[in-house]
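Bear in mind that the values here come from a model prediction, so they are computed numbers and not experimental data. The first residue of the sequence shown is numbered 1, and numbering continues consecutively from there. First listed ligand is number 1; within each ligand, the first listed atom is number 1.
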Amino acid sequence: MKIATKDNPALKMVQESLEKAKCCKNYNIFVSLFEKEALEKAKEIDEKIKNGEKVGRLAGVPYALKDNYLTKIGTTTASAHILEPFEAPLDATIVKQLEAEGAILIGKVNLDSFAHGGSTENSYFGPTLNSKDQTRVAGGSSGGSAVVVALDIVQFATGSDTGGSIRQPASFNGVFGLKPTYGATSRYGVVAMASSLDCMGFFTKTADDLNLLMEICAKNDPKDLTSLPDFYDGAASKVKKVGIIKNFDNDSVNLDVRKAVKSATETLKKKGYEIVELEMPVVENYALAVYYVIQPAEVASNLSRYDGIRYGFRSKNSERLDDLFSNTRDEGFMKENKRRIMIGNFVLSSGSYDAYFLKAAKARTMIIKEYEDAFKKCDVIMTPVAPNPAFKLGEKVNDPVAMYLEDIMTVPVNLAGLPGLSVPFSESKEGLPIGIQLIGPRRSDKTLIEFSKELN
Ligand code: GLN
């Protein structure tokens with residue numbers, strides 16, 4: 001991280017960042033920019049440095065927040081019409097942690113509405129464009145966060161990952177993206193998607209920056225009841241054996257993606273690591289279906305609070321209270337939000353609960369078990385992040401199943417609560433970035449970050 005010093009004033013860094021943000025307008029990254037506030041904060045930090053006062057570990061570092069992180073400043077939209085205009089009464093825990101170390105918020109960035117999606121095309125504000133090819137998607141749902149880092153507008157950005165939303169856009173834009181162990185970072189003050197899967201993490205250009213952000217933010221938070229006791233500060237453990245999932249090397253996976261994993265395997269072999277071939281039939285064949293039952297069920301429950309009374313948007317011209325609820329929800333939610341609410345309520349309904357939700361919950365336990373068994377044979381698992389590099393804008397957005405299939409390699413990690421890291425690795429023949437996914441046992445976040453350096 002390049003922090004502010006006497007020779008590198010915060011003001012200069014913030015001005016440059018704002019300048020770049022303006023030049024990159026056509027990528028549709030920012031939902032809001034905080035120019036005045038960011039410049040003021042930079043001046044305060046420079047003043048402190050001038051006076052020899054202590055400044056934080058992120059002093060003067062410009063950063064961006066995914067716009068589902070609540071902030072007292074400005075609005076929080078989750079790129080959803082139904083939250084417009086919502087002014088949050090509090091800052092998310094992560095926002096407080098970052099600001100306490102002197103990081104400077106430049107703006108809040110685009111996502112798929114309520115983080116539902118894998119391309120940022122489901123945003124109420126329109127899609128963010130891929131940083132390497134403007135005819136392609138940024139990935140999602142944290143598309144804005146990946147692109148804002150890839151284009152060097154800020155040094156890091158936050159994201160949320162419920163089924164791949166940090167790792168996949170990181171891979172599509174050639175940056176690092178960490179989904180921490182479930183509970184490692186606080187969920188407090190981030191718009192909930194599916195609470196048993198949601199993890200808050202980061203996009204950076206280097207592994208060391210990720211490490212610093214985890215040192216700052218992977219702390220127990222009494223305000224988040226699923227927050228883990230502090231564990232991050234221990235040493236990384238030694239990796240000797242790397243597992244690869246044999247059947248992810250199949251014809252439905254893009255050839256360049258398969259080549260990337262093979263070349264990463266060769267790199268590691270040459271460095272003396274033992275490669276272990278794994279068979280993980282439940283992860284390969286059932287995780288996606290399990291995710292698309294459990295996640296919508298939790299989405300349906302979390303989104304039930306948006307009724308036109310408590311937050312943001314309210315439909316006009318409803319004479320009765322129940323019309324107000326349904327008109328607000330009908331006009332305020334996007335198609336993909338509604339699809340998930342309907343699926344979720346269906347799988348939770350009394351006639352279908354046993355056949356869908358309960359079965360999925362049991363299969364989830366089998367997925368957890370399959371990873372536990374795998375980690376008896378290896379220290380980390382290496383897989384592709386997604387079956388394809390960034391696809392074309394419009395290619396999948398009207399075909400939900402095709403879009404969901406892109407999540408097949410990321411969702412099992414969330415179902416098991418494990419850390420997953422997307423490491424920038426190679427390029428497709430069209431020059432599109434391809435990342436490699438590293439997965440470890442719970443609490444192995446630091447090990448993954450350290451180990452990722454071996455893929456250089
Ligand atoms: N693409 C996945 C979905 O649409 C993951 C989303 C996320 O992690 N927020 O559910």
Side-chain angles (χ1 to χ4, degrees), residues 65-69 78-80 109-123 127-128 137-146 157-172 177-180 182 185 187 190-203 287-300 302-303 333-344 347 360 364 384-388 390-391 395-422 435 437:
L65 288 172
K66 187 176 182 178
D67 200 18
N68 56 355
Y69 280 64
S79 291
V109 294
N110 203 10
L111 62 147
D112 285 296
S113 166
F114 284 110
H116 300 173
S119 67
T120 315
E121 292 168 289
N122 294 332
S123 164
T128 295
V137 299
S141 64
S142 317
S145 310
T158 67
S160 62
D161 190 313
T162 304
S165 277
I166 291 178
R167 289 159 286 159
Q168 185 253 37
S171 172
F172 281 13
L178 174 71
K179 171 229 172 289
Y182 181 79
T185 46
R187 291 185 292 119
V190 184
V191 177
M193 178 176 167
S195 308
S196 79
L197 302 161
D198 293 347
C199 289
M200 303 311 140
F202 306 100
F203 293 84
L288 191 67
V290 169
Y291 173 82
Y292 275 101
V293 172
I294 289 178
Q295 170 264 118
E298 295 186 17
V299 162
N302 275 325
L303 293 190
F333 283 129
M334 298 192 62
K335 215 170 170 182
E336 184 59 29
N337 308 137
K338 291 182 196 170
R339 187 177 288 126
R340 293 184 193 218
I341 293 171
M342 287 171 73
I343 295 173
V347 299
R364 183 179 191 173
V385 179
N388 294 294
F391 40 92
E395 191 181 321
K396 296 182 198 280
V397 70
N398 296 316
D399 182 349
V401 175
M403 189 74 90
Y404 299 167
L405 277 168
E406 291 296 308
D407 302 334
I408 196 159
M409 289 142 175
T410 45
V411 296
V413 181
N414 298 70
L415 288 164
L418 308 174
L421 173 60
S422 180
Q437 178 171 225

For Ser196 and Glu298: C-alpha separation, side-chain torsions, deciding distance, then whether side-chain hydrogen bond (donor to acceptor under 3.5 Å, both in side chains) applies.
CA-CA 8 Å; Ser196 79; Glu298 295 186 17; 2.6 Å; yes

Before you tell me yes or no, could you show the steps for Lys66 and Ser142 under side-chain hydrogen bond (donor to acceptor under 3.5 Å, both in side chains), namely the whole-Å CA-CA distance, both residues' side-chain angles and the distance that decides it to 0.1 Å?
CA-CA 7 Å; Lys66 187 176 182 178; Ser142 317; 2.8 Å; yes

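Tyr291 OH, 2.6 Å is the protein heavy atom nearest to atom 10 (O) of ligand 1. Regarding atom 9 (N) of ligand 1, its nearest protein heavy-atom neighbour is Ser165 OG, 2.7 Å.
Residue Thr162 has at least one heavy-atom neighbour below 4.0 Å for each of these atoms of ligand 1: 7 (C), 8 (O), 9 (N). Counting the atoms of ligand 1 from 1 in the order shown, those under 4.0 Å from a heavy atom of Asp161 are 8 (O).
Taking the six-membered ring for Trp and thresholds of 30 and 60 degrees, Phe391 and Phe172 have ring planes more than 60 degrees apart, a perpendicular arrangement.
For His116, no nitrogen or oxygen atom sits less than 3.5 Å from a nitrogen or oxygen atom of ligand 1, counting backbone and side chain alike. Residue contacts with ligand 1: Gly163 is placed with a nitrogen or oxygen under 3.5 Å of a nitrogen or oxygen of the ligand (distance criterion only). Checking only distances, Asp407 does come within under 3.5 Å of ligand 1, N or O to N or O. Between Arg340 and ligand 1, at least one N/O pair is under 3.5 Å apart.
Side-chain N/O atoms of Asn337 and His116 include a donor and acceptor closer than 3.5 Å.
The minimum heavy-atom distance between Ser195 and Asn302, with the atom names listed, is OG-ND2, 3.1 Å. A pairwise comparison of heavy atoms in Asn110 and Ser123 identifies OD1-OG, 2.7 Å as the closest pair. Considering every non-hydrogen atom in both Ser79 and Ser113, the closest pair reads O-CB, 3.3 Å.
Under the 4.5 Å side-chain criterion, counting only non-hydrogen atoms from C-beta, Val190 is not in contact with Asp198. Annotation: side chain of Phe333 is in contact with side chain of Phe114 (closest heavy-atom distance under 4.5 Å).
With a heavy-atom cut-off of 4.0 Å, Gln295 touches ligand 1 through its side chain alone. Of all the heavy atoms of Ser141, the ones lying under 4.0 Å from any atom of ligand 1 belong exclusively to the side chain. Only side-chain heavy atoms of Met193 come within less than 4.0 Å of ligand 1; its backbone N, CA, C and O stay farther off. For Phe114, no heavy-atom contact with ligand 1 is shorter than 4.0 Å.
Distances from ligand 1 to the non-hydrogen atoms of Tyr292 include at least one value under 4.0 Å.
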